[in-house]
Structure formats: C-alpha cells, structure tokens
Protein chains: 2
Amino acid sequence: MYITTIMETAYDKQLLSVIRRLIISLRVFQTESKFCEDLTFTQYSILSYVARTGSLEMSALHTLLSVEKSTTTRLVDPLVKMGYLKKTQSAHDSRAVELHLTGRGKAVFKNVQDCISDFMVDMGNSIPENKREDVIQSLEIFIRSMDRCCNPGECCKKQ
Amino acid sequence: MYITTIMETAYDKQLLSVIRRLIISLRVFQTESKFCEDLTFTQYSILSYVARTGSLEMSALHTLLSVEKSTTTRLVDPLVKMGYLKKTQSAHDSRAVELHLTGRGKAVFKNVQDCISDFMVDMGNSIPENKREDVIQSLEIFIRSMDRCCNPGECCKKQ
DNA sequence: CCATTATGGTTGTAATATACAACCATAATG
DNA sequence: CATTATGGTTGTATATTACAACCATAATGG
C-alpha cells in the first residue's frame, strides 16, 4: 500500500519529465526547421493533406491541424503565394474554399516528402526493431490519455 | 522481403502521424494554458528546477530548458517581477546570477505543484495500469531516437 | 418567403516563444 | 597584460497562435 503510493508518485514524476523532454525534442518540427524547399513541417503537412484528398476545404484543414480558422488562413497563405496551392470556390457551397496542388506544388511536395521520409526512416532505424511496434502503440496510448484528460476547462483549471 | 518494405513504409507513416498528433496534444503545455496561479508550464518548470536545487544559475537553467540564454532571461523575468524568484550575484563568479525562490515563490510553487500533480495523476490514471511501464519506456526510446537523428544540420537539411 | 441564426473565410490586433546579434562585464589562458 | 571565452541583458525580428469583428452565404423555422 505504502509502496504503491510511492511508486505512483515516481510514475507521475517520470511522466512529467518525459513530457518536458518530448516538448523539447519536438521543437525541431515546430519553429526552427525549415525542412527542405524552405517549408516548415506544418506547411508540409498541409501539402500532404491536400495531396491525399485531391481537394480540401479550409474547414476540413483546420480540423486536421486543430487550429483556429484564422490560423488556417495564415498557414495556407504563403503556400498560395509561393504558387504551390490554388484556391477555388467550392461547387456546393459558395462560401467554402477548396485547396488544390498546382503543378509546382506537386513537384515540391514530392521533394519534401522524400526528405521527410528519409528523416522518418532514420528515426525508425534508431529505434530497435523489436521495439517499434511497442513504441508506436505506447505513443498512441499516451496521446489518447493526454487528450482525454486535458479537456479545456478541466484539470488544472478546476481550482 | 517485399512485405518488409511495405511494412517499413507503413511504419514511417505511422511515425509521422504520431508525431503530428503529439505536437497537437502537447500544445496544451506550451501556449494556451496558464495552469494555476497564472503560470505557464515552462514557468512552473523553472520554479521546480530552482526548488529542486535551492539555488540555480541562469546558465544551468538555459541548459535545462534547452533554449538560448536570452530566452532564459525573458522566461525568468516575469517570475522575478511577480516576486517569486530573487536574483543574487554568485559568490564564485561575479558575472553569474543565482536564482532563489522567495517566500511567496515557495508558496506559489507548492500550489502549482499540487495542480500539476493532479493533472499527472489524472493522466497516469487514464493509461491502463499494466501499460504504464511500457509507455514511459517507449517514450524514452522515442525521445532518444529523435534526439539522435535530429542533430542540427543533419537529416532533411543534407541536400 | 423572409427573419434569424449558423457557418466558412479573412483581416485586425495581440500575446508568447524563440532566435540571433551586439553588447558589457568579468574570468580564464597563455 | 593581451586575447579569448563565458554569463547575462537588451534590441530586433520571426513564427505560431488566439480572439474578436466582420462579410458573405447557407440553413432553419415560423
């Protein structure tokens, strides 16, 4: 009983420490790094979502990225300016905007994709082969538990 | 052989997807959320590093946080202004600044700690008990592999 | 069929996190 | 003692993001 308590405390500390280090390590994907073709990770993600579906509405995109619609506009903007994405009016809702890859967009996306893919392979390779399944699965669990417990207004804000 | 290739590709995709979702889920800790006592997660971390060591130099802190020294100054600043931290000159190096918790700082830290601790317990609880060890371990592996493969100037920037 | 409400998107404004460069003071080195 | 290195701050700039206000169009419900 006593031991359980101690171990639970230790576990919480580990969790906290892991979260801190995760945030630091994941920083590579957020600010600093223009990957290749001068795109950020998020911009690459946007291209990849559009590529995957052929044509994507802004509203779908802001759901995928989990950001405000205004932020979506601002993230997409440079991609349009650089000529990688094209905006067209949706057929069934004249308010909605559809995103498409341009010819150049496709080419650039292919490049970045290779680049990111190299990265992922590298990363995958530095995880011992027999652990890979576990790692992914654990990450899934971790993410789910974070999402479950961090509903806005709940925990930590209850006070 | 063929199957292996396919599975490796799938694995990379999973990794990519997991990274994206991690970034989104961890956002709670970064911008939005003032936890309690109007502190951000990073500010809480700073208090906790100082509390742990009793007195901490700025240079040690920017190593712990993995940020530029100028950023450290700016993160610490509000905590000093709010009267939670005190800066003193180091005894053995008159250039160096030591951080200490004030009385108020200690009280506030205690509060936030309880708050964060609740959060961690919640989070821990939403991970099935028999998976907890695995999750932590996998996260450790994941972090290590990210740090190993993302050295600045390496992968993705090679081109 | 029109009035109200909801939705999709953009723009204005602001906060935060962060880096890099320039700088000052003090230490360390040779 | 001259040069170089280190600890910290301040100036400046960029990216990410939110919220609020707004416009246009859609949907709903008397």
Side-chain angles (χ1 to χ4, degrees), chain A residues 20 22-35 38-46 55-82 85-99 152-153 157, chain B residues 20 22-35 38-46 55-82 85-99 152-153 157:
Chain A
R20 281 196 187 124
L22 262 183
I23 291 175
I24 293 173
S25 300
L26 287 169
R27 237 182 254 155
V28 193
F29 293 101
Q30 298 182 267
T31 46
E32 331 167 24
S33 63
K34 307 271 182 179
F35 278 81
D38 245 333
L39 295 184
T40 63
F41 184 69
T42 304
Q43 289 174 325
Y44 161 69
S45 295
I46 292 173
S55 120
L56 191 66
E57 294 188 359
M58 296 290 284
S59 61
L61 189 54
H62 81 244
T63 305
L64 285 167
L65 298 174
S66 290
V67 293
E68 269 293 302
K69 51 191 185 164
S70 61
T71 304
T72 310
T73 302
R74 277 170 182 133
L75 290 171
V76 165
D77 232 43
L79 294 171
V80 174
K81 286 218 178 81
M82 292 189 278
L85 289 180
K86 207 173 46 211
K87 284 181 173 179
T88 61
Q89 200 183 44
S90 160
H92 29 57
D93 185 340
S94 54
R95 295 167 304 174
V97 169
E98 274 172 1
L99 300 171
K157 305 205 165 174
Chain B
R20 280 194 189 125
L22 262 182
I23 291 175
I24 293 173
S25 299
L26 287 170
R27 236 181 256 155
V28 194
F29 294 101
Q30 298 182 268
T31 47
E32 329 166 28
S33 61
K34 307 271 180 177
F35 278 81
D38 245 333
L39 296 184
T40 63
F41 184 68
T42 303
Q43 289 174 326
Y44 161 70
S45 295
I46 292 174
S55 119
L56 191 67
E57 294 188 358
M58 297 290 283
S59 61
L61 188 56
H62 81 244
T63 305
L64 286 166
L65 298 174
S66 289
V67 293
E68 269 293 302
K69 51 190 185 166
S70 60
T71 304
T72 310
T73 302
R74 275 168 184 135
L75 290 172
V76 164
D77 233 43
L79 294 171
V80 174
K81 287 217 177 80
M82 291 188 279
L85 288 181
K86 207 174 44 209
K87 283 182 174 179
T88 61
Q89 199 182 44
S90 159
H92 29 58
D93 186 339
S94 54
R95 296 167 304 176
V97 169
E98 275 173 0
L99 299 172
K157 304 207 166 174

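Below, chain A is the first sequence line, B the second, and so on; all start at residue 1.
- Residues satisfying the side-chain hydrogen bond (donor to acceptor under 3.5 Å, both in side chains) test with B:Ser70, not counting sequence neighbours, are none.
- For the pair B:Lys87 and D:dT9, the criterion of a side-chain N or O lying under 4.0 Å from OP1 or OP2 is met.
- Annotation: proximity of residues 70-78 of chain A to DNA chain C (heavy atom, distance under 4.0 Å) is found for A:Ser70, A:Thr73, A:Arg74, numbered in ascending order.
- Counting only residues at least two apart or in different chains, salt bridge (Lys or Arg N to Asp or Glu O under 4.0 Å) contacts with residues 61-80 of chain A comprise A:Asp77-A:Lys81.
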Heavy-atom protein contacts under 4.0 Å, nucleotides 25-30 of chain C, coded B base, S sugar-phosphate only, - none: BBS---
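- D:dA21 atom C1' lies 13 Å from atom CD of A:Glu68, rounded to whole Å.
- Here the C1' atom of nucleotide C:dT18 and the CD1 atom of B:Ile46 are 13 Å apart, to the nearest Å.
- The nearest whole Å value for the distance from the CZ atom in A:Phe41 to the C1' atom in D:dA15 is 16 Å.
- In this entry the distance linking CD1 of A:Ile24 with C1' of C:dA17 reads 13 Å, nearest Å.
- Atom OG of residue A:Ser25 and atom CG of residue B:Leu26 lie 10.5 Å apart, to the nearest 0.5 angstrom.
- Every residue two or more places apart in sequence or in another chain that forms a salt bridge (Lys or Arg N to Asp or Glu O under 4.0 Å) with A:Arg95 is listed here: A:Asp93.
- Between the C1' atom of C:dA17 and the CD atom of A:Gln30 lies a distance of 10 Å, rounded to the nearest Å.
- Of the candidate nucleotides C:dG9, D:dA18, D:dG7, D:dG7 has the atom lying nearest to any side-chain atom of B:Lys69.
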Dot-bracket line, read 5' to 3' along DNA chain C, where crossing pairs take [ ] and | marks a partner on another strand, Watson-Crick or G-U under 3.5 Å: ||||||||||||||||||||||||||||||
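- Taking the side-chain hydrogen bond (donor to acceptor under 3.5 Å, both in side chains) definition, one finds that B:Thr73 meets it with nothing, sequence neighbours left out.
- Applying the side-chain hydrogen bond (donor to acceptor under 3.5 Å, both in side chains) criterion to A:Thr88, with sequence neighbours excluded, gives A:His100.
- Spacing between atom CG of A:Leu61 and atom P of C:dG9 amounts to 9 Å, rounded to whole angstrom units.
- Computed from coordinates, the B:Arg27 CZ to C:dT16 P distance equals 17 Å when rounded to whole Å.
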B:Val80/B:Lys87 under side-chain contact (heavy atoms from CB on, under 4.5 Å): CA gap, chis, key distance, verdict: CA-CA 8 Å; B:Val80 174; B:Lys87 283 182 174 179; 4.2 Å; yes
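- Qualifying side-chain contact (heavy atoms from CB on, under 4.5 Å) partners for B:Ser94, counting only residues two or more places apart in sequence or in other chains: B:Gln89.
- Atoms CG and CE, on B:Leu39 and B:Met82 in that order, are 5.0 Å from each other to the nearest 0.5 Å.
- Taking the side-chain contact (heavy atoms from CB on, under 4.5 Å) definition, one finds that A:Thr72 meets it with A:Met58, A:Leu61, A:His62, A:Val67, A:Val76, sequence neighbours left out.
- In this structure, the separation between CD on B:Gln43 and CG on B:Leu75 is 7.5 Å, given to the nearest 0.5 Å.
- Whole-Å rounding puts the B:His62 NE2 to D:dG7 P distance at 7 Å.
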